Amino acid sequence: MEYDFNAIEKKWQAKWNENETYRVTEDPAKKKFYVLDMFPYPSGAGLHVGHPLGYIASDIFARYKRHQGFNVLHPMGYDSFGLPAEQYAIETGQHPAITTKNNIARYRQQLDQIGFCYDWSREVRTSDPSYYKWTQWIFAQLFDSWYNLDTDKAESISTLVAKFEENGSYNVNASIDQEWYKHLSMDEFPLFGEHFAGEFTATDWKSLSEKQQQLILMNYRLTYLADSVVNWCPALGTVLANDEVKDGRSERGGHPVEQKLMRQWMMRITAYAERLLNDLNTIDWTDSIKEIQRNWIGRSEGAKVLFGIDGHDDMIEVFTTRPDTIFGVSFMTLAPEHTLVAQITTSEYKAEVEAYVEKAAARSERDRQSDTKEISGQFTGAYALHPFTGKKIPIWIGDYVLASYGTGAVMAVPCGDQRDWDFARHFRIPIPNIFEGVNVDDEAHTDKTTPICESEFLNGINGKDAIARAIEELEKIGAGEGKINYRLRDAVFSRQRYWGEPFPICYKDGVPYEVETEQVTLPPVDKYLPTEDGEPPLARANQEDWNIWEGDRMEFNTMPGWAGSSWYFLRYMDPQNDAEFCSKEKAAYWGQVDLYMGGAEHATGHLLYSRFWTKFLADHGYIEFNEPFKRMINQGMIQGRSSLVYRVVNTNKFVTFEKKGEYETQTLHVDISIVDNDILDQDAFKQWRAEYANAEFILNDDGKYTCGWEIEKMSKRWYNVQTPDELVEKYGADTLRCYEMFLGPIEQHKPWDTKGISGVHNFLRKFWRLFHDSDNNVQLSDDAATADELKALHKAIKKVSEDLDRFSWNTVVSALMIAVNELGELNCNKRSILEPLTVLLSPYAPHVAEELWERLGRTDSVVDQSWPAFNADHLVEKAFAYPVQINGKVRFKIDLSLDLNPGEVEKEVLAHEKAAQYLEGKEPRKVIVVPGRIVNVVV
RNA sequence: GCGGGUGUGGUGAAAUUGGUAGACACGCUAGACUUAGGAUCUAGUGCCGCGAGGCGUGGGGGUUCGAGUCCCUCCACCCGCACCA
């Protein structure tokens with residue numbers, strides 16, 4: 001075999017390994033470039049061809065940047081805590097650490113054969129105690145921090161305590177639940193009276209016991225314990241974050257999810273909502289991902305308004321974006337889950353309200369969301385009091401109001417909001433009009449610019465002015481204030497799972513404290529299931545099973561999957577440091593990730609949490625940047641291409657695709673490994689499964705069986721999974737790398753199809769042949785290159801460089817093919833051409849490039865060669881075949897010197913016989929000459 | 001409903017600022033070489049038409065000497081959000 005890719009690839013992978021070719025260290029003399037792949041979960045199923053798509057693209061880019069003289073950080077590791085290993089542990093009893101280790105070994109072997117330039121000395125695993133030690137440390141930093149809105153950043157809790165000691169709560173402007181004091185158990189705080197509303201003096205603070213102080217501080221911390229309504233998944237025995245729930249079911253496993261009140265660790269990501277939103281403008285991500293995040297954060301400006309309740313002390317707080325329409329309020333709607341519902345409902349309506357609440361609770365979130373047409377609600381019998389007019393406003397409950405958004409209560413303005421209008425119309429509630437010259441009999445009027453009437457001080461004004469004025473007046477009477485509301489919720493951070501980071505937390509007298517003496521590691525347990533009384537698996541461990549036990553008990557929850565992946569890009573910079581999560585100097589040198597390659601599916605999870613933790617660490621000065629990933633490219637998914645055979649109904653005969661219309665057939669999937677270019681290997685098919693052993697075939701006119709095909713998800717079920725292993729075996733890693741890039745634009749979803757891989761393989765063989773004679777002996781010339789050869793080379797240098805700079809990986813392969821085709825035609829075997837060409841190839845096909853580099857007589861590695869310099873002189877043309885358009889349509893071409901000026905070109909064109917033919921003796925109306933491009937004659 | 005994206009030959013696709021639509025590759029057709037190889041080479045291959053020629057980038061309209069590219073409008077598909085107050 002002339003191009004023995006298997007031997008070549010093994011040889012160079014071993015050499016790279018031996019020479020530590022891809023090991024990098026900080027080098028202040030060089031500019032850095034950080035290329036990162038999204039953290040993979042090492043699943044037991046291994047890789048299919050879709051997985052390495054992004055890895056190949058980033059690997060090519062990393063190599064390209066290295067050729068350009070950058071010090072390139074290109075690491076890889078494993079997000080190795082996670083459900084599948086735990087699930088396997090539950091089923092088999094095998095410790096998840098063992099499963100994880102085995103899976104990683106397989107993963108690594110698969111990655112290695114593709115020839116990536118990862119610096120494996122920097123590998124990290126989130127489940128490794130030396131890694132999660134620092135995940136726990138970051139958690140502890142969050143626990144020990146509060147968000148100061150005055151400085152707009154996170155600060156150590158000690159600065160808060162100092163403020164409390166100096167002036168009580170009065171000068172504290174923290175990001176905190178405005179009603180935090182309602183969650184304090186007043187039995188614990190006899191000092192605070194009945195009317196305690198969260199404010200206390202320095203003297204109060206100093207008189208509080210340690211426990212009391214801790215209970216208060218808990219409400220300020222960036223990670224805090226709170227009773228919150230969580231997405232509880234009984235089948236998984238755990239809570240899920242909002243983004244882990246899809247359509248009311250768990251993203252993993254598709255199990256039903258219900259709402260449940262539980263005491264959970266929370267992450268105060270909402271403190272960062274504004275910064276997470278604004279800083280999207282500083283990063284180079286696709287619009288679609290930025291848009292998804294903006295949507296998820298869901299900022300809206302408006303006002304908080306307080307409504308009194310007739311006969312009660314409580315107030316109903318609502319959030320509205322249209323405080324200017326406050327005089328149009330004709331009813332209030334509370335979410336059925338609203339805490340005040342039970343209190344305010346009158347005895348007369350008690351039964352109906354309870355029935356409605358029960359009905360709403362029984363409906364799954366999904367039902368409530370999908371059913372938007374049917375209007376339902378129930379009057380409570382209670383009345384709110386309008387803050388300005390004092391008028392009584394009926395209070396309803398309705399499930400179109402979501403407990404989780406805003407305050408769970410709406411001031412309904414039917415004339416200005418379509419949902420309120422629909423509700424009012426349905427229940428025959430009056431629809432007072434407050435818009436000048438507008439009819440609201442048939443629908444609500446949502447235009448903000450219409451002047452307002454019937455509204456006291458708001459009469460005659462509109463839009464922003466009216467909103468500002470309304471807020472001003474609300475503040476004057478103490479019934480509200482301007483407010484910005486976010487859809488973003490604080491993230492639940494507890495999981496009732498075994499295979500995750502244990503919290504560095506113990507409890508004393510019910511109060512959580514950080515364990516600081518030693519790292520808490522996962523204790524062994526007898527089973528990986530919850531305890532009988534529903535405690536998480538860690539509760540199974542006895543005191544002596546824990547490496548450390550403080551206080552009354554340890555925390556039994558573990559951290560969620562996204563904990564370890566929220567900061568892993570930092571650990572790569574300094575993976576072995578056991579004194580810090582990452583040294584400040586190294587973080588400063590490597591800085592932001594310059595190119596992040598990964599899927600778009602993490603838009604609201606990982607990509608938001610990483611940004612949050614980065615900002616937090618920057619607030620404390622551990623790192624110098626606010627955003628983790630400067631530029632991100634989202635690779636598209638590779639779909640499977642299934643092969644189909646057609647069985648004639650009730651027979652064992654299979655009819656070829658071309659003739660299936662002549663029979664009544666049943667379509668069956670067939671393993672793609674026994675199909676080549678849609679032609680079925682009939683013998684292999686008979687052996688594939690016992691039931692097909694006696695299969696007969698109705699063939700096409702060429703005596704072949706053609707399969708049909710369909711694009712669907714790559715899955716074992718459809719027998720359409722293509723592993724990289726088979727292709728590496730058959731064509732080599734270099735071919736696989738080039739082919740995956742050649743498939744099309746990186747961001748696009750595309751079906752996998754091995755049709756065409758032979759073309760890419762041929763290209764590498766042609767490349768090889770430029771260096772060798774027909775007996776596969778190296779034959780190279782030291783003669784000077786011709787102008788044509790230099791032109792072919794420099795055309796490629798230009799195109800390859802430009803395309804890589806704009807992340808157009810697919811067109812680079814074409815450019816290299818063109819160069820090889822042209823040089824092949826010229827029978828070029830000149831060193832001066834092939835050396836730079838080999839460097840151009842090396843990011844895509846590093847193994848064969850190294851081999852050829854060696855055959856060129858070089859003893860150094862091709863990966864360290866500087867990128868060939870482009871010289872435009874070699875592309876200068878003397879003549880050009882001008883396409884000549886007559887009225888915008890190309891009619892003929894004319895060879896002209898490029899030295900001619902437009903006037904001369906025009907003259908030559910008009911003198912051409914073809915031009916005369918189209919002009920039919922008439923004078924052209926206009927002639928446009930674009931030098932070196934085109935000529936257009938307007939007749 | 002709102003937001004984002006995509007739509008080009010039989011197939012994957014290319015065309016970077018408006019300037020030769022379909023580069024490159026697969027597949028296909030014909031031929032050469034060959035005692036069979038998933039080999040190589042040559043020529044052809046957007047569609048219609050014998051041809052001259054006509055038509056062609058999801059549909060319709062517009063701007064322009066010139067539109068895949070810009071504008072308007074409609075359609076289809078994919079992704080995200082969705083009673084957001």
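Here the structure is a predicted model, which means the values were calculated and not measured. First the proteins, then the strands, lettered A, B, ... as listed; each starts at 1.
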*Asks:* Just by distance, no angles: are the side chains of A:Tyr64 and A:Asp805 close enough, under 3.5 Å, to form a donor-acceptor pair?
*Replies:*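 Looking only at side-chain atoms, A:Asp805 and A:Tyr64 do form a donor-acceptor pair, the distance falling under 3.5 Å.
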*Asks:* Considering just the side-chain nitrogens and oxygens of A:Arg487, establish if one lies under 4.0 Å of OP1 or OP2 belonging to B:rA82.
*Replies:* yes
*Asks:* Would you please classify the geometry between the A:His602 ring and the A:His606 ring as parallel, tilted or perpendicular, with 30° and 60° separating the classes?
*Replies:* perpendicular
*Asks:* Taking atom C1' in both B:rU20 and B:rU69, compute the distance separating them and give it to the nearest angstrom.
*Replies:* 15 Å
*Asks:* When you check the side-chain N and O atoms of A:Tyr486 and A:Thr270, is any donor under 3.5 Å from an acceptor?
*Replies:* no
*Asks:* With respect to the phosphate group of B:rA14, does any side-chain polar atom (N or O) of A:Asn810 fall under 4.0 Å of OP1 or OP2?
*Replies:*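 Result: yes.
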*Asks:* In terms of side-chain heavy atoms of A:Arg765, which of B:rA15, B:rC65, B:rA39 is nearest?
*Replies:* B:rA39
*Asks:* A:Leu402 side chain: which of B:rC24, B:rA85, B:rC65 is closest?
*Replies:*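 When the side chain of A:Leu402 is considered, B:rA85 is the closest of B:rC24, B:rA85, B:rC65.
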*Asks:* Can you tell me whether the side chain of A:Asn295 and the base of B:rC81 have a donor-acceptor pair closer than 3.5 Å?
*Replies:* no
*Asks:* When rounded to the nearest Å, what value does the distance between C1' atoms of B:rA85 and B:rG7 take?
*Replies:* 38 Å
*Asks:* Would you indicate which nucleotide in B:rC41, B:rC65, B:rC55 comes nearest to any side-chain atom of A:Ile928?
*Replies:* B:rC65
*Asks:* Among B:rC41, B:rG12, B:rG19, which nucleotide has an atom closest to any side-chain atom of A:Arg769?
*Replies:* B:rC41
*Asks:* Of all the nucleotides listed (B:rG19, B:rG4, B:rA85), which has the minimum atom distance to the side chain of A:Asp287?
*Replies:*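 Comparing B:rG19, B:rG4, B:rA85 against the side chain of A:Asp287, the answer is B:rG4.
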*Asks:* B:rA13, B:rC24, B:rA85: which one has an atom nearest the side-chain heavy atoms of A:Gln748?
*Replies:* B:rA13
*Asks:* Determine which nucleotide pairs with B:rA39, using a 3.5 Å limit on both distances of a Watson-Crick or G-U wobble pair.
*Replies:*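 Check on B:rA39: unpaired, no WC or wobble geometry under 3.5 Å.
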*Asks:* May I ask which nucleotide in the shown strands pairs with B:rC65, Watson-Crick or G-U wobble, both distances under 3.5 Å?
*Replies:*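 Answer to the pairing question: B:rG19, which forms a Watson-Crick or G-U pair with B:rC65.
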*Asks:* Pairing check on B:rA82: which nucleotide meets the Watson-Crick or G-U wobble criteria with it, both distances under 3.5 Å?
*Replies:* none
*Asks:* Tell me yes or no: between the side chains of A:Asp803 and A:Thr811, is some donor less than 3.5 Å from an acceptor?
*Replies:*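 The criterion, which ignores hydrogens and geometry beyond distance, is satisfied for A:Thr811 and A:Asp803.
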*Asks:* Counting side-chain heavy atoms from C-beta on, which of B:rC26, B:rA85, B:rU20 comes nearest to A:Val401?
*Replies:* B:rA85
*Asks:* Got a donor-acceptor pair under 3.5 Å from the side chain of A:Lys799 to the base of B:rU16?
*Replies:*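 In this structure, the two groups form a donor-acceptor pair.
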*Asks:* What interatomic distance, in whole Å, is found between C1' of B:rG46 and the corresponding atom of B:rU8?
*Replies:*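 Per the computed distance, 10 Å lies between those C1' atoms.
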*Asks:* Return the orientation label for the A:Tyr400 and A:Phe423 ring planes: parallel under 30°, perpendicular over 60°, tilted otherwise.
*Replies:*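 The arrangement is tilted - the two ring planes meet at 30° to 60°.
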*Asks:* Measure from OH on A:Tyr400 to C1' on B:rC83 and round the result to the nearest Å.
*Replies:* 9 Å
*Asks:* Check this one for me: any side-chain N or O of A:Lys926 less than 4.0 Å away from OP1 or OP2 of B:rC65?
*Replies:* yes
*Asks:* Which way is the base of B:rG51 turned, syn or anti, if we draw the line at 90° from 0?
*Replies:* anti
*Asks:* Counting heavy atoms not belonging to A:Lys290, are there more than 12 under 6.0 Å from its NZ?
*Replies:*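 Yes.
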*Asks:* Side chain of A:Lys730: nearest nucleotide among B:rG38, B:rC83, B:rA25?
*Replies:*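 Minimum distance to the A:Lys730 side chain belongs to B:rG38.
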*Asks:* Of A:Thr407 and A:Ser288, whose closest RNA chain B nucleotide lies nearer the 5' terminus?
*Replies:* A:Ser288
*Asks:* When you look at A:Tyr739 and A:His761, which way does the ring-ring contact (aromatic ring centres under 6.0 Å, His included) test go after all the steps?
*Replies:* CA-CA 8 Å; A:Tyr739 185 57; A:His761 187 62; over 10 Å; no
*Asks:* From B:rG19, B:rC84, B:rA25, pick the nucleotide closest to the side chain of A:Lys766?
*Replies:* B:rA25
*Asks:* Looking at every strand, decide which applies to A:Asn762 at a 4.0 Å heavy-atom threshold: base, sugar-phosphate, or nothing.
*Replies:* sugar-phosphate
*Asks:* Any strand is fair game: report the nucleotide pairing with B:rG9 by Watson-Crick or G-U wobble, both distances under 3.5 Å, or none.
*Replies:*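 With both distances under 3.5 Å required, B:rG9 matches none.
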*Asks:* Which listed nucleotide (B:rA13, B:rC24, B:rA15) is nearest to the side chain of A:Arg806?
*Replies:*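 It is B:rA15.
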*Asks:* For A:Asn485, report the nucleic acid contact type (base, sugar-phosphate, nothing); a contact means any heavy atom under 4.0 Å.
*Replies:*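 Nothing: the residue A:Asn485, judged by heavy atoms under 4.0 Å, touches no strand.
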*Asks:* Go ahead and name the base partner of B:rU45; Watson-Crick or wobble counts if both distances stay under 3.5 Å, otherwise write none.
*Replies:* B:rG27
*Asks:* Is any side-chain N or O of A:Arg419 closer than 4.0 Å to OP1 or OP2 of B:rG1?
*Replies:*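 It does not, given that no N or O in the side chain of A:Arg419 lies less than 4.0 Å from OP1 or OP2 of B:rG1.
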*Asks:* Touch check for A:Lys290, heavy atoms < 4.0 angstrom, all strands: base, sugar-phosphate only, or nothing?
*Replies:*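 A:Lys290: no heavy atom of the nucleic acid under 4.0 Å.
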*Asks:* Using the C1' atom as the reference point in each nucleotide, state the distance between B:rG68 and B:rG56 in Å, no decimals.
*Replies:* 11 Å
